[in-house]
Participant: 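Below is a structure I'd like to ask you about.
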Amino acid sequence: MPLRLLKYAWKKSEDEPRFFPDETPLKKAYDVVIIGGGGHGMACAYYLAKEHGITNVAVLEQGYIGGGNTGRNTTIVRSNYLTSEGVKFYDESLKLFEDLSDDFDLNIFYSTRGHFTLAHTDSAMRTMRWRAEVNKHHGIDSEVVDVETIQKEVPYMDMSCNGQHPVMGALYHAPGSVARHDAVAWGYARGAQQRGVEIHQKTRVTDIKTKGGKVVGVETDRGFVEAKKVISMVAGSTPRITEMLEIETPIEIFPLQACVTEPVKPFMDTIVVSGSLHVYVSQSSRGELVMGASVDPAELHSTRSTLDFVEGLTDQMMDLFPFTSRLKIMRQWAGMSDITPDFAPIMGKTDVEGFYLDAGWGTWGFKATPVSGKTMAYTVANDTPHELIKPFSLSRYADFKLVGEKGAASVGH
Amino acid sequence: MKLRLAPQPLEWIDRKSSVSFTFEGQTVSGFKGDVISSALWAQGRKVVGRSFKYHRRRGLLSFANHDINALLQAEDRPNVRADVVQAEDGMSLTAVNTFGSLASDKGALVEWIGKFLPVGFYYRAFYSPKFLFPKWERLIREMAGLGKVNTDWSEERKPKRYLHCDVVVIGAGPSGMAAAIAAAKQGVDVCLIDENPYIGGSLDYQYVNEDSQQLNRKYLKETVESMPNIQVITSSYVAGYYGDHWLGINTPDGLIKLSAQAVVVASGVFEQPAVFRNNDLPGVMNASAAQRLMARYAVAPCKEAVILTANPEGYRAALDLHKNGLVVKAILDTGKTAGESVVQAKSAGIPVFENAVLVEATGRKQLQGVTFEVGRLQHHLSCDGLLMSVGWAPAGAPLYQAGAKFGYNYTLEQLLPVELPEGVFACGRINGVFEIEDRIKDGEQAGTAAAQTVLGKEALAPVDYTAKSAHSDPYPIWPHPKGKEFVDFDEDIQIKDLKGAIAQGFDNIELMKRFSTIGMGPSQGKHSNMNGIRILAKLTGKTIDQTGSTTARPMFHPTPVSHLAGMRFRPERLTPLHSFHQQRNACFMEAGSWLRPEYYPTAETREASIAEEVSAVRNSVGLIDVSTLGKLEVFGRDAGELMDRLYTMRMSNMNVGASRYALMVDETGVVIDDGVAVRYSEEHFYVTTTTSTSDSAYRLIQKKVIEWGLKVTVLNRTGQIGAMNLAGPNSRKILAQLTDLDLSNDAFPYLAMRRAQVCGVEATLIRVGFVGELGYEIHTDSQSALKIWASIMEVGSEYGIKPFGVEAQRLLRLEKGHIIVGQDTDGLTNPFEANMPWSVHLKKPYFLGKPSLMKLKTLQNRTLVGFELLSKAHKDMPLESNLLIENGAMIGRVTSIGRSATLNKVIGLAMVETAFSEENQVLKIKLTDGRFVDAKVIKTPFYDPQGLLQKPDESNEGEAA
């Protein structure tokens, strides 16, 4: 029995520090206002306070902490991307993830499982090899493995895929992990709060005010708040925020859905992704199979679930795992993913002085939580983009310097 | 049989046939019609499972699939819901999640250390030291999870069905049946769905001893069954409401997808347990569970009962027990309920304690007694049954999913729908209507209104039948200093756990759920959410409305993967020439959903066979099936305009009878498709796409036609047209024997298109040069393709013609330096990078991607180059996607590579930084094993650089007509 649990047992009252404060009135002014209390917003607040000593910060969240895509993703963390920019960025994120539990004094259940991206076609094999070569070049543990190796690791998988589109090989990424997504946001929130950051839930930003091209504050449903620096970290709600400043982005919103089965005893240790079958699946520590597919086919600003999604997903999943037909789907849900044309994020400064953007997180936002927080905090504190996010500036679209991560998106788009 | 009662008037069991199965290794027998739980309970087996965290013994709670106390492992599936799954002969069942056995579960040790496991304990420990976490995680994972999966289980799939109706009614209780009848009377088609095997709802178990209600039941059931426009679907539940009245309905035989014009939700209410110490002892159950046991299965819930109640329903349950000769020791009324059933219970001599406060249930392995207080006096009664009737929560999933808003009604102490979306209606207890007569009237008005919506008539303003007194206790929760008051039975959540979560700041209903896991178990909060909300509201000093509720997402009950997946449907497309390929034992490869010959095994090895095919094309003649190409026909006034806007080259100035390379880029200037376009007439084009892009290109073009508002029709003729490419120096000689068309170069020059009879069949002939030889692409309707193909093979035999496959074609085109979109291009490649600036006509006023290409033209920093490998050793052969490294930096990658027998060297294409694209530049290719090999940039085409062979009769390039 770990000592920490023994310690708690003898305490009369709940002495674990509060994660989120009681509701307090908004102050008149903050140095920095962060819009969006998801993982990214909380991480940014945390690093602003911890690494830059900026604590006069308010995080404004229209719903509850982690209620957006932070709580809706399938919790996979990996760094086997396709471009140098992507690989470096996500590798840093992965390293931060590994130490988060200690940083937070909170177990985020960061569980390294190994990640297979299956290839069922020649062209997928070429993409896997490309990713593996780029990854290896940057020192990332990533390789193309053959069918026998996969079968050994995942013996219960039907490599023939029911006789059609058999598995030809896979990209294997040993550091691929899953984590308890909510806990990541909570840990950052508590850490930020302990360092003086204010977190205001159920506080909706309705407008951003500027004067002479500079940000002066935000209008909320609880009144006006002054702020010289405002960061938007709202993923699927980005268009609503950028419209306030008439900033154009190439972001399009597509629903991304996921579902879980009823819990069963652990049998699946690895994360398995198949782009051809539009399936990704891992087993959570609670025992549920957590599954997702590609984004919905049409643009839509909504988090409604569809029947088509579970129908398609379960059908395809059975090609790999026929026995899962005996399981039951317990719950399904959707998030709004903010997709960019090059499948890479948009981060950093904008044409409006004092307004910073962290968006374009598509289907890859959760795994970037720590690094986006850290680099955005740096960018805001120094008013100059962090080295790792320079390639992700909004201006790259006007300059045609795209990043090209489409090939690394886990499933088709 | 210990607890089986005398026959009940409405029982669902067939006493003439018995069933026998094993549970935990012991034989259990029951009657046909018994669910597993009723068979177990009838034999006095009151411990049906162990709890999730503490492994406490558990009996029946809701007996309605609102909890998972009775969750069993079968040999062929996990997590069987014993409360609703019928017992069958030969079943072999055990409780899930026990360590050892149900009777002796080592997991129960957890309860002894429960003190050390506060809410969210796993967040607080196990992460340090880091290297131990995987071991802790393994242990936690083993402790969690419920049933076991056997990975050898075979695939199960059930076909799906579609249904359409005017009005769907969810729930066939009194209000649902009344709604269905009322709607049907309006002449519309009605579907009535219920999860029970019979319609009737609570009339089947809560009013069995009331003659007037049984008359109502009889009338409603018989009327429903007699109406031809009511379709009854039983043993089925609405798994999810998806927009626009689209429902997924799970039936025992598979999924029904139902589309309705209007939806009536008569799904009723979930009975909510009271929360007090040891409320999970086997023998403590909801009063409705006891009534179901008695009425449906003729099983006594206990021998001596105490009733805990806050409503007339509890008194009614007491009367039901009394009627069955069971002892009701007392009714503990949490307030002071009034009504006819109260009078009856009192006159039956049942002691009633008003304003009772529950202290605890007692007993070791099962319920043995109950302690309560009235005033300041503490009482204790021994009993083996404690039936709870303290309140109800809406079974609101379909309403929530449809977007209804709920509000808390303080008269009723219940959440009620206050705002319904268009075409969605609610009635009955979910609507706060409790008396049977009122529920029938409420159902009638909802059914009528739904039908009138369908018929486009104005509906009358509804009459409010909401009950005028509470049927729920506002706070049926009695904390005990020693705890063990369970709120969520799935997850073993006690009051202290919620307190702990709230104290740590998880005081928002969603956050409390996510931290404490209340409502996250397999019953998804059906028995726990309402109490959770009440506790949170109380502890934070807020109202129920301010506290809100969590989202009720699909599925209503966990729904089998085999049903959702349905039958497997993966079309496999065969070209019209497939039979030929099969006869030649072609080695097939998958290309999207198509099967294509990769090569024809004519030599010892794959490589040698491919080399023979290549050689035939280069030296004499070969024939390839290209039927998998996407084929689109474009007609209409704006056909030329559309073609101009879609493709990078100008198309509208093409002559009739000409062909042109067709390259498409997206808005960002990235190459997404290529093919050949021909012009049949002024307003009629025909264009091919690659095999893999036929669907996406067609979709994009359709979208663009609408966006641009052009008068044009685009037809996808991919599957209707067969196509082949006859290529090689002798191709003309062969074709000449099969057509009257003048094939001379003057009459049919390079890049021209002709319509002609080939073998007596109408065909389109295009002189193309993809593989770099004199060649003709022949397109004809798919029925005739084989005839032409066979004739060509026959006539060609004197020239040694060979059919060739995809691999030979890849090598042939590589020798010509022609790109394959998606292989030599990636998600960012524009035509300039692909070294095809000639394919972009920037002088056109507009085409898709032009604004981007204007800019990209000046920004080029990558270029596709040809290279030859300086080493010929087999071990030095790079693979496609190997990187090019210069001074430790990546400067590009190999996109195509092949060993050219024609040229006797290894050639390839590579995308490199433009600085390294000059001729004779030495490139260092990093092999997969980390070694480097050198390659030299050389000009493409590698083979026949002047392109003389594809137009042997001409000296100048240029388009012909």
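Lettering follows sequence order; numbering is per chain, from 1. Side-chain atoms are counted along with the backbone in the values below, which use heavy atoms only and exclude waters and symmetry mates.
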Participant: Flag the one option from B:Lys160, B:Lys926, B:His563, B:Glu667 with the top tally of heavy-atom pairs under 4.5 Å to chain A.
Facilitator: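 Maximum pair count with chain A is reached by B:Lys160.
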
Participant: Determine whether more than 12 heavy atoms belonging to other residues, nucleotides or ligands lie under 6.0 Å from atom CD of A:Gln194.
Facilitator: yes

Participant: Counting heavy-atom pairs under 4.5 Å to chain B, which of A:Arg304, A:Glu288, A:Gln316 comes out on top?
Facilitator: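 Ranked by contacts with chain B, first place is A:Gln316.
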
Participant: If we define contacts as heavy-atom pairs under 4.5 Å, which of B:Arg138, B:Arg157, B:Met589 has the most with chain A?
Facilitator: B:Arg157

Participant: Below 4.5 Å from any heavy atom of chain A, which atoms of B:Asn79 appear? Answer side chain, backbone, both or neither.
Facilitator: both

Participant: Does B:Arg568 pair with A:Asp319 as a salt bridge, N-O distance under 4.0 Å?
Facilitator: yes

Participant: Might you point out which heavy atoms bring B:Arg553 and A:Gln332 nearest each other, and give the distance in Å?
Facilitator: CD-O, 3.1 Å

Participant: Quick check on B:Leu132 against chain A: is it the side chain, the backbone, both or neither that has a heavy atom closer than 4.5 Å?
Facilitator: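 For B:Leu132, no heavy atom lies under 4.5 Å from chain A.
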
Participant: Between B:Leu856 and chain A, with a heavy-atom cut-off of 4.5 Å, which part of the residue counts as in contact: side chain, backbone, both or neither?
Facilitator: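 Contact with chain A: side chain only.
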
Participant: So what's closer than 4.5 Å to chain A heavy atoms on B:Ala239: side chain, backbone, both or neither?
Facilitator: neither

Participant: Can you tell which part of B:Phe515 gets under 4.5 Å to a heavy atom of chain A, answering side chain, backbone, both or neither?
Facilitator: both

Participant: Atom CG of B:Leu859 and atom NZ of A:Lys401: how far apart are they, to the nearest 0.5 Å?
Facilitator: 7.5 Å

Participant: Just verifying a value: how many Å separate B:Met911 CE and A:Trp130 CH2, rounded to the nearest 0.5 Å?
Facilitator: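 One gets 8.5 Å once the value is rounded to the nearest 0.5 Å.
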
Participant: Taking B:Ala125's backbone N and O only, do any of them form a donor-acceptor pair with A:Asn107's side chain (distance below 3.5 Å, no angle check)?
Facilitator: yes

Participant: Checking B:Lys855 side chain against A:Ala398 main chain: does a donor-acceptor pair fall under 3.5 Å?
Facilitator: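 Confirmed, B:Lys855 side chain pairs with A:Ala398 backbone.
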
Participant: Would you mind checking which part of B:Gln524 comes under 4.5 Å of any heavy atom in chain A, side chain (CB onward), backbone (N, CA, C, O), both or neither?
Facilitator: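 Contact with chain A involves the side chain of B:Gln524 alone.
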
Participant: Just how far is it from atom CZ of B:Arg141 to atom CZ of A:Phe109, taken to the nearest 0.5 Å?
Facilitator: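 Taking CZ in B:Arg141 and CZ in A:Phe109, the distance rounds to 10.5 Å.
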
Participant: Using a cut-off of 6.0 Å, state whether more than 12 heavy atoms not belonging to B:Asp244 lie near its atom CG.
Facilitator: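 No, CG of B:Asp244 has 12 or fewer neighbouring heavy atoms, counting only those of other groups under 6.0 Å.
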
Participant: So, for B:Thr928 and A:Lys136, which heavy atoms are closest and what is the spacing to 0.1 Å?
Facilitator: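 Here B:Thr928 and A:Lys136 meet closest at O-NZ, 3.5 Å.
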
Participant: Does B:Asp76 offer a backbone N or O that forms a donor-acceptor pair with the side chain of A:Arg326 under 3.5 Å?
Facilitator: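 Yes, the answer is positive, given that a donor and an acceptor are paired below the 3.5 Å cut-off.
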
Participant: Are A:Arg180 and B:Tyr123 linked by a side-chain donor-acceptor pair shorter than 3.5 Å?
Facilitator: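 A pair is found: one side chain offers a donor N or O, the other an acceptor, under 3.5 Å apart.
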
Participant: For residues A:Ile329 and B:Met555, report the shortest heavy-atom separation together with the two atoms involved.
Facilitator: O-CG, 3.3 Å

Participant: Which answer fits B:Pro554, side chain, backbone, both or neither, if we ask what part of it has an atom under 4.5 Å from a heavy atom of chain A?
Facilitator: both

Participant: Heavy-atom cut-off 4.5 Å, strictly under: side chain, backbone, both or neither for B:His557 against chain A?
Facilitator: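 The answer is the backbone of B:His557.
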
Participant: Ignoring hydrogens, what is the shortest heavy-atom contact between A:Ser84 and B:Met890? Give both atom names and the distance.
Facilitator: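 Result for this residue pair: OG-CE, 2.7 Å.
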
Participant: Between B:Asp666, B:Asn97, B:Asp152, B:Val96, which shows the greatest number of heavy-atom pairs under 4.5 Å with chain A?
Facilitator: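 So the answer, after comparing B:Asp666, B:Asn97, B:Asp152, B:Val96, is B:Asn97.
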
Participant: Just how far is it from atom CD1 of B:Ile925 to atom CD of A:Glu133, taken to the nearest 0.5 Å?
Facilitator: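 Atom-to-atom, B:Ile925:CD1 and A:Glu133:CD are 11.5 Å apart.
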
Participant: Crowded around A:Glu23 CD? As in, over 12 foreign heavy atoms under 6.0 Å?
Facilitator: no

Participant: Chain A heavy atoms under 4.5 Å from B:Arg893: which part of the residue, side chain, backbone, both or neither?
Facilitator: side chain

Participant: Using modelled atom types and a 3.5 Å cut-off, is there a donor and acceptor pairing between side-chain atoms of A:Lys265 and backbone atoms of B:Ala144?
Facilitator: yes

Participant: Measure B:Leu564 against the heavy atoms of chain A and call it side chain, backbone, both or neither at under 4.5 Å.
Facilitator: both

Participant: Step through it carefully: locate the ring centre of A:Tyr110, locate the ring centre of B:Phe133, and say whether they are under 6.0 Å apart.
Facilitator: no

Participant: Go through B:Met143, B:Gln401, B:Met520 and name the one with the most non-hydrogen pairs under 4.5 angstrom from chain A.
Facilitator: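 Max contact count across the listed options: B:Met520.
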
Participant: For B:Asp824, is there an ion pair with A:Arg126 - N to carboxylate O distance below 4.0 angstrom?
Facilitator: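 A salt bridge is absent here (no side-chain N lies under 4.0 Å from a carboxylate O).
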
Participant: After noting the C-alpha distance and the side-chain angles of B:Phe506 and A:Trp186, does the key distance pass the side chain to side chain contact (heavy atoms under 4.5 Å, CB included) rule?
Facilitator: CA-CA 10 Å; B:Phe506 295 91; A:Trp186 301 340; 3.4 Å; yes

Participant: Tell me, for B:Glu880 versus chain A, whether the close heavy atoms (under 4.5 Å) come from the side chain, the backbone, both or neither.
Facilitator: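 Both backbone and side chain.
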
Participant: Contact part of B:Ile502 toward chain A, heavy-atom cut-off under 4.5 Å: side chain, backbone, both or neither?
Facilitator: backbone

Participant: Chain A heavy atoms under 4.5 Å from B:Asn830: which part of the residue, side chain, backbone, both or neither?
Facilitator: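 Neither the backbone nor the side chain of B:Asn830 comes within 4.5 Å of chain A.
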
Participant: Return the minimal non-hydrogen interatomic distance between B:Gly248 and A:Leu307, and the atom names on each side.
Facilitator: CA-CD2, 3.8 Å

Participant: Measure distances from A:Gln193 to the heavy atoms of chain B and classify the residue's part below 4.5 Å as side chain, backbone, both or neither.
Facilitator: neither

Participant: Is there a donor-acceptor contact under 3.5 Å linking the side chains of A:Ser325 and B:Glu155?
Facilitator: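 Checked: A:Ser325/B:Glu155 side chains show no N/O donor-acceptor pair below 3.5 Å.
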
Participant: Check this for me, if you would: do A:Glu98 and B:Lys130 make a salt bridge, where the nitrogen-to-carboxylate-oxygen distance has to be below 4.0 angstrom?
Facilitator: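 Looking at B:Lys130 together with A:Glu98, the answer is no, because their closest N to O distance does not fall below 4.0 Å.
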
Participant: Should A:Arg286 and B:Glu491 count as an ion pair when the cut-off is N to O under 4.0 Å?
Facilitator: yes

Participant: Chain B heavy atoms under 4.5 Å from A:Asp22: which part of the residue, side chain, backbone, both or neither?
Facilitator: side chain

Participant: Mind checking the OG1-CZ spacing from B:Thr858 to A:Phe400? Nearest 0.5 Å is all I need.
Facilitator: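 Output value for this atom pair is 9.5 Å.
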
Participant: Can you tell me which portion of A:Met291 sits under 4.5 Å from chain B's heavy atoms? Options are side chain, backbone, both or neither.
Facilitator: neither

Participant: Heavy-atom pairs under 4.5 Å with chain B are the metric here; pick the option from A:Val134, A:Asn162, A:Ile65 that has the most.
Facilitator: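 That would be A:Asn162.
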
Participant: Before accepting this row, confirm whether a basic side-chain N of the pair B:Lys257/A:Asp308 lies closer than 4.0 Å to the acidic partner's carboxylate O.
Facilitator: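 Answer for the salt bridge query: no.
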
Participant: Only pairs of heavy atoms separated by less than 4.5 Å count here; which of B:Glu572, B:Glu156, B:Lys148 has the most with chain A?
Facilitator: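 The answer is B:Glu156.
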
Participant: Keeping A:His137 on the side-chain end and B:Gly888 on the backbone end, is there a donor-acceptor pair under 3.5 Å?
Facilitator: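 Pair found, side chain donor or acceptor close to backbone of B:Gly888.
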
Participant: Which atoms of B:Ser692 come close to chain A, meaning under 4.5 Å heavy atom to heavy atom: side chain ones, backbone ones, both, or neither?
Facilitator: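 Neither part.
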
Participant: Between CD of B:Glu598 and CG of A:Asp122, what distance do you get to the nearest 0.5 Å?
Facilitator: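 So the gap between those two atoms works out to 7.0 Å.
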
